[in-house]
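First comes the structure, then the notes that go with it.
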Amino acid sequence: MAKIQTPRPIRGTQDMIGETADRFAHVVETFERVRKLYGFRRIELPVFEATAVFSRSLGETTDVVSKEMYSFEDRGGDSLTLRPEFTAGIARAYITEGWQQYAPLKVATHGPLFRYERPQKGRYRQFHQIDAEIIGAAEPLADAELLIFADHLLKELGISEGVTLTLNTLGDAASREAWRAALVAHFDGHRAALSEDSLTRLEKNPMRILDSKDPRDQAVVADAPDIDACLTDEARVFFERVTDGLKAAGVAWQRNARLVRGLDYYRHTAFEFITDRLGAQGTVLGGGRYDGLIETLGGPATPAVGWAAGIERLAMLLDEAPAATLDVVIALEDDTMLAQALTGLAALRGAGLSADSVTSGSPRKRFDKAAKIPARALVSVGSRDGGLYLNIHCDDVALAGRIDALMRVGV
RNA sequence: GCGAUCGUAGCUCAGCUGGUUAGAGCGCUGGUUUGUGGUACCAGAGGUCACGGGUUCGAACCCCGUCGGUCGCCCCA
């Protein structure tokens, strides 16, 4: 048979094993645990949707829709898209599945997302996020609770050191429009000082100039108007309520008056937990209030707020890999005792002890091989005078006794 | 789409200003101690030096191109 060339993995996808996979699983497990503490219900969603779900919600940012999404036609000629984010799909489900009946609805999910981008540190084409949303709650307490949840999660993961919550308000629709107009006027008056990239941003997405990395833009950005002057009284009060909630819960934060969202449906609270430990990808967890989104998708006007965080990025920030230590590892040193070893293995696992065995290769080498597998106890199974002979190496005397009893079941 | 950088056993890497049959550790396979042993000792298998051209008496090493990885720019829902 002709040897074929093994297909390569797709650019930007990952195959995880060992420490990388353990870190990933630890993030997901911690998220699942903490999310229950806050009463967020687990939801499951399709990985692909009608392209309109995303193109409609993303709207004006044509680059994102046309160049960054994995879209394709299915056999029926419908345009489908691999989800590039969770929020639009959740909003669609909220409308089409009648989830209004549960409002206000606190939901959480996690899974793969897809964006057609050039991979770099902490950025992949198939990547994974955890996600939490509160839909149908207009009050600032919802924003605060989501932030308290996020802060708690980062602390549980042990990565809150070196990660700071940066917070801003985009105000209500009126405040946002006023600020946008003030920014355009400011930047338009300083065209000569701006970089080429920012000149095109001025046409397409002027608020983005605020987070330009080009040093030429820094001076112009520095004395750009803050939103504070543009805020309506209602918007100002809303933001105060959010920060009051954070204060009461003991969550530290920093104001970043330059933090923006490109999409029109964002209102009020916008936030990012950022770090300088991930190179150019500084955002660990981000979100905000998107009161306009569900209406954009043809649903009733519905207030909503949420956040998402990259699992890979969180996993990279974990100080040490979660231990993958077994309770017991067995070295079968005499093949005539195979059946007894298997019986013992089943008894150990039935009693809730994690266990694995080394039963292949040269019998005399199995002990050394087993000794290299991290475990609390190392058990060699051999024979003496035709009968079972056990040798248990374990610092924990009580555990050793338990293992000895379980390994002799049925003898 | 653009830029920088890298590509040598399954893995992590050596390999001098270009000079014989390309090296180590780990892993894998086999053997040794007639042993209750904590990662031992010996041996073996495993390499189109990413791929394709070029320069040269001679290229893993120099030049060009292609592909791939990494990091950054753009973008960031």
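All heavy atoms count here, side chains included; hydrogens, waters and symmetry mates do not. All chains are named by letter (A, B, ...) in the order of the sequence lines, taking the proteins before the strands, and each is independently numbered beginning at 1.
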For RNA chain B, which consecutive runs of 3 or more Watson-Crick or G-U pairs (each distance under 3.5 Å) count as stems? B:1-7 with B:67-73, B:10-13 with B:23-26, B:28-32 with B:40-44, B:50-54 with B:62-66

If you measure from the P atom in B/A43 to the same atom in B/C26, how many Å do you get, rounded? 13 Å

Are A/Phe271 and A/Trp253 an aromatic pair, judged by ring center distance below 6.0 Å? no

Taking side chain to side chain contact (heavy atoms under 4.5 Å, CB included) as the criterion, tell me which of A/Leu259, A/Asn256, A/Leu147 meets it with A/Leu167. A/Leu147

Under 4.0 Å between any heavy atoms, over every strand shown, what does A/Phe114 touch: base, sugar-phosphate, or nothing? Just pick one. nothing

Which nucleotide in the list B/C75, B/G69, B/G30 gets nearest to the side chain of A/Ser362? B/G30

Assuming nearest nucleotide by heavy-atom distance, tell me which of A/Asp368 and A/Thr200 is located more 5' along RNA chain B. A/Asp368

Side chains of A/Leu231 and A/Trp179: does their closest heavy-atom pair fall under 4.5 Å? no

If you look at every strand shown and take non-hydrogen atoms under 4.0 Å, does A/Arg201 touch a base, only sugar-phosphate, or nothing? sugar-phosphate

So, does A/Gln120 get its side chain near the phosphate of B/C71, meaning an N or O under 4.0 Å from OP1 or OP2? no

Roughly how far apart, to the nearest Å, are B/G15 and B/U8 at atom C1'? 9 Å

Of the listed B/C76, B/U33, B/G30, the closest approach to the A/Asn205 side chain comes from B/C76

Parallel, tilted or perpendicular: ring planes of A/Tyr266 versus A/Tyr290, cut at 30 and 60 degrees: perpendicular

Using a 4.0 Å heavy-atom cut-off across all strands, classify A/Ala280 as base, sugar-phosphate, or nothing. sugar-phosphate

Which of these nucleotides, B/C28, B/G35, B/U36, is closest to any side-chain atom of A/Arg364? B/G35

Could you check if a side-chain atom of A/Asp217 sits within less than 4.5 angstrom of a side-chain atom of A/Ser195, using non-hydrogen atoms only? yes

If you look at every strand shown and take non-hydrogen atoms under 4.0 Å, does A/Asp197 touch a base, only sugar-phosphate, or nothing? sugar-phosphate

Polar side-chain atom of A/Gln340 near backbone of A/Met407 as donor-acceptor pair, under 3.5 Å: yes

Side-chain N or O of A/Lys372 less than 4.0 angstrom from OP1 or OP2 on B/G27? yes

Could you check whether any side-chain heavy atom of A/Glu117 comes within less than 4.5 Å of a side-chain heavy atom of A/Glu68, counting everything from C-beta outward? yes

I'd like the C1' distance from B/U29 over to B/G18, given in whole Å. 37 Å

Reckon A/Gly279 touches a base, only the sugar-phosphate, or nothing at all at heavy-atom distances under 4.0 Å? sugar-phosphate

Rounded to whole angstrom, note down the P distance from B/G27 over to B/C41. 11 Å

Please work out if A/Tyr389 contacts a base, only the sugar-phosphate, or nothing of the nucleic acid, heavy-atom cut-off 4.0 Å. base

